Amino acid sequence: MNAPDHNPSNNETTPTSGGGRLANFIDEVVEQDLSSHKHGGKIVTRFPPEPNGYLHIGHAKSICLNFGTALKHHGVCHLRMDDTNPTKEEQHYIDMIQRDVRWLGFDWSEHEYHASDYFDALYDWATKLIEAGRAYVCDLPPEEVSKSRGTLTTPGRESPFRGRTAQENLDLFTRMRNGEFPDGSRTLRAKIDMAAPNLNLRDPVMYRILHAKHPRTGDKWAIYPMYDWAHGQSDWIEGVTHSICTLEFEDHKPLYEWYIDQLQAIGVQPQRAISKAGPYRPRQYEFARLNLTYTVMSKRKLLELVRDKHVHGWDDPRMPTISGMRRRGYPPSAIRGFCDGIGVARRENTLDISRLQFHVREELNKTAPRRMAVLDPLRVVITNYPEGQTDELDAVNNPENPAAGSRKVPFARELFIEREDFMEDPPRKFFRLAPGREVRLRYAYFITCQEVVKDASGGIQQLNCTYDPATRGGDAPDGRKVKATLHWVSAEHALDAEVRLYDHLFTKEDPEDQPEGKTYLDVLNPDSLKVVTHAKTEPSAANTSVGEVLQFERLGYFALDPDSDTAAKKPVFNRTVTLKDTWAKVQAKAGD
RNA sequence: UGGGGAUUGGUGUAAUGGUAGCACGACUGACUCUGGAUCAGUUAGUAUAGGUUCGAAUCCUAUAUCCCCAGCCA
């Protein structure tokens, strides 16, 4: 995780600080506040998800930013559920959000909060604003509120209920709370300015009537606060110093300020974590959300993909969700490395998905045990190898990490190699097996292709090869070289496995950029999942635990899926990411 | 035709009036029992037009383009 090793006095040459995390404009603000001793030198941030869906990689950016900023400057970061809309929120989502934040490697310790913890305080303060003449109960139905708000270019009209007395407002508001009125019949509105050019200031709704059961407060409330009324006050109550959100909330900042101004004007000042540093108020800062190529990132769209079964759930390995990536085999450190490496700024950005894959490979290359597996088996018979004989060869578990040791791999007369590792009539740059050509079988022997056996329709059925016993282990004593090394498994010892190969969920870099009448659903990739039902793995692949990621040599990284039947030795592997494939590039170039 | 933001190589991100840098990608080459990894190198950028200044990505003026806002969502 990000080590808080920032040293402001002598880092003039480095653009990064704090465990490789890029310094950003928020760090600058924080450092200024720290040096001016604002907030008594305390830093408090918060990650405020709404529990109406699963966390995705965009949230990971926010999590790394909020927790990372706190960590780096010796502050704390709260986890706060923004649970003000019980019609969309569920306990299940709360649980999954907590699991995902923990899995990512962040710890909020005792700082777990909910906006709903503050419903009483919020209600109390709302009555104070009513008494101060800054809020009123409005009887306009939703359509009328919408109509009277005006448009982007024309001012709104004042509600006919704007002039009610405080007494009347208090009475109505109490009855709203008591559940006397049906949903949608009334709202509590802030009295600001119906002609404000910023639409958020045109008498925004503070409370709406919702006869809904809340995951935490149950049936206690018939009214629920809106985001603007709940969020800033929650920050304030918790002593949050730097309230970091995304760009679309920029227009809400004047309202965020207005509420706190009004409350301060009537003498409200919550108990808070900040110690005797003078009057304190939180400040909002906005950054640009993360976009990724070949995917969508809005919870609404992700929910739609799940609900309409375009994917197999929130944790489908094709989803950009944290849980999908976990299942796919992305290590949390890779996701953190990605988030820390992309920087934080205020301009719109779209990161190439390959950038995330870079971090995944970087991490897995260092940590994933190597195994051999063949996805598309082609039978090879070593004609000069004795029938019935078996040999055990030493194979290195991870060339990047000698401490990972080695294992034994069985070798026999009949083997499988990858079908695409043989070509009968190879082009110039194809180094692998071909008639008459000698290659190395990884950790085993040099073999030479002597004969191609075909079936009736001309398909290649089997290769008859000879091996050189002197090359046992993979080295030729006479020093002769070979251009290629192939992975292989022994046919009789191989384990059957299901392997799921994933590709982009969408065929377009920007799935949302569609012509009139089309949507992102029209560019779903029909080949985003390919299932190989009878892949062959070396026997030791059976000793893999769910979630563990292996490198199948020359193929890529593969994570053992929870669908695996480990008792029946029927593993299911998700391809996390391929290895970088220079040959594929050569082929693509030759192709056109 | 309202308000708020943004614009630096293909993609991200630095440079806060003083040498436009870093990462990813792409391309070379070296090395290699993974066409992986590693190592070395190359490539390519300040939206446009004026102005201020010894000096401008940075300051000023205009223009262009893109994003956000009219939920009783967050």
Side-chain angles (χ1 to χ4, degrees), chain A residues 14-16 22-24 28 48-50 52 82 84-85 87-89 138 140-142 145-147 149-156 183-189 196-202 204-210 223-224 226-228 230-231 245-254 286 288 293 299-300 341-352 354-359 361-362 365-366 370 372 395-396 399-400 429-432 440-444 446 471 473-476 481-487 551-556 578-586:
Chain A
T14 165
T16 72
L22 241 49
N24 58 58
E28 278 179 36
E50 185 193 8
N52 67 344
D82 224 339
T84 57
N85 185 356
T87 65
K88 290 187 176 165
E89 297 153 6
C138 178
L140 252 24
V145 171
S146 172
K147 258 194 265 175
R149 183 156 25 234
T151 71
L152 294 178
T153 50
T154 59
D183 286 6
S185 59
R186 282 182 170 82
T187 54
L188 183 73
R189 293 227 256 164
N198 180 341
L199 271 50
N200 292 121
L201 265 16
R202 318 242 262 227
V205 172
M206 295 173 68
Y207 278 95
R208 73 286 214 192
I209 299 172
L210 247 32
I223 55 172
Y224 290 92
M226 296 288 289
Y227 166 84
D228 289 296
H231 200 97
C245 63
T246 43
L247 249 29
E248 69 269 27
F249 291 101
E250 203 156 16
D251 290 343
H252 294 246
K253 190 169 177 174
E286 309 88 16
T293 55
K299 273 203 261 184
R300 200 211 96 220
I342 59 177
V344 178
R346 288 176 62 87
R347 77 183 84 122
E348 298 284 332
N349 59 86
T350 302
L351 270 292
D352 200 312
S354 66
R355 172 84 173 232
L356 176 56
Q357 293 171 343
F358 161 81
H359 286 277
R361 289 191 185 104
E362 184 186 46
N365 176 52
K366 288 185 290 193
R370 270 59 169 175
M372 289 197 284
V396 170
E400 305 294 322
K429 288 180 181 158
F430 184 85
F431 305 146
R432 285 111 95 154
R440 171 169 40 234
L441 295 181
R442 184 112 160 120
Y443 299 125
F446 285 14
T471 58
D475 283 307
K481 299 284 183 197
V482 100
K483 291 267 278 191
T485 300
L486 308 186
H487 61 276
Q551 183 193 109
F552 289 153
E553 295 218 33
R554 303 209 306 133
L555 295 175
T578 59
L579 256 25
K580 252 177 89 178
D581 191 348
T582 315
W583 169 237
K585 241 184 283 180
V586 171

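Bear in mind the structure is a predicted one, so any value in this text is a computation, not a measurement. A, B, ... follow the sequence lines: proteins, then strands. Residue 1 opens every chain. Computed over heavy atoms, backbone and side chain alike; hydrogens, waters and symmetry mates excluded.
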*asked:* So A/Pro49, base contact, sugar-phosphate only, or nothing? Heavy-atom distance under 4.0 Å.
replied: nothing
Taking only side-chain N and O atoms of A/Arg347, does any of them lie within less than 4.0 angstrom of OP1 or OP2 on B/rU7? yes
- Task: Pick the C1' atom in B/rU43 and in B/rC22, then give their distance to the nearest Å.
- Result: 16 Å
Worksheet item: Quick one: is B/rA74 close enough that its OP1 or OP2 comes under 4.0 Å of any side-chain N or O from A/Thr84?
Response: yes
Practice item. Indicate whether OP1 or OP2 belonging to B/rA74 is found under 4.0 Å from a side-chain N or O atom of A/Arg208. Key: yes
- prompt: Say you pick atom C1' in B/rA74 and the same atom in B/rA15; how far apart are they, in whole Å?
  reply: 36 Å
Determine the contact category for A/Leu140: base if any of its heavy atoms lies under 4.0 Å from a base atom, sugar-phosphate if only primed atoms, P, OP1 or OP2 are that close, otherwise nothing. base
Applying side-chain hydrogen bond (donor to acceptor under 3.5 Å, both in side chains) to A/Thr582 and not counting sequence neighbours gives none
Sequence neighbours excluded, the answer for ring pair (Phe, Tyr, Trp, His ring centres under 6.0 Å) partners of A/Phe358 is none
When you compare B/rA44 with B/rA20, how far apart are their C1' atoms, in angstrom units rounded to a whole number? 13 Å
Its glycosidic angle compared against 90° from 0, B/rG21 adopts the form anti
(message) Please classify the nucleic acid contact of A/Gln551 as base, sugar-phosphate, or nothing, using heavy-atom distances under 4.0 Å.
(response) base
**Prompt:** Looking for any heavy atom pair under 4.0 Å, which part of the strands does A/Thr154 touch: base, sugar-phosphate only, or nothing?
**Reply:** nothing
- request: Taking only the side-chain nitrogens and oxygens of A/Thr151, find out if one of them lies under 4.0 Å from OP1 or OP2 of B/rG2.
  value: no
Does B/rG35 have its OP1 or OP2 closer than 4.0 Å to a side-chain nitrogen or oxygen of A/Arg432?
no
- Item | C1' gap between B/rA57 and B/rG21, integer Å | 13 Å
Q.
Mind checking if A/Leu152 touches a base, just sugar-phosphate, or nothing, with heavy atoms under 4.0 Å?
A. base
With sequence neighbours left out, the residues meeting side-chain hydrogen bond (donor to acceptor under 3.5 Å, both in side chains) with A/Asp82 are A/His231
Within the structure shown, what part of the strands sits under 4.0 Å from A/Asn52 by heavy-atom distance: base, sugar-phosphate, or nothing? nothing
Margin query: Between A/Arg346 and B/rG4, is there a contact of a side-chain N or O with OP1 or OP2 at under 4.0 Å?
Written below: no
Inter-nucleotide C1' distance (B/rA30, B/rC67), Å rounded: 46 Å
Distances under 3.5 Å between nitrogen or oxygen atoms of protein and nucleotides 27-30 of chain B:
unit_1 : atom_1 : unit_2   : atom_2 : d
B/rC27 : OP2    : A/Lys585 : NZ     : 3.2

Short side-chain N/O contact from A/Arg149 to OP1 or OP2 of B/rG71, under 4.0 Å:
yes
Per the 3.5 Å Watson-Crick/G-U criterion and a run length of at least three, the stems involving RNA chain B are B:2-7 with B:64-69, B:10-13 with B:21-24, B:26-30 with B:38-42, B:47-51 with B:59-63
(Q) If stacking means aromatic ring centre less than 5.5 angstrom from the base's six-membered ring centre, planes under 30°, is A/Trp583 stacked on B/rG35? (A) yes
With 3.5 Å as the limit, what N/O pairs link the protein to nucleotides 63-68 of chain B?
unit_1 : atom_1 : unit_2   : atom_2 : d
B/rC67 : O2'    : A/Glu348 : OE2    : 2.9

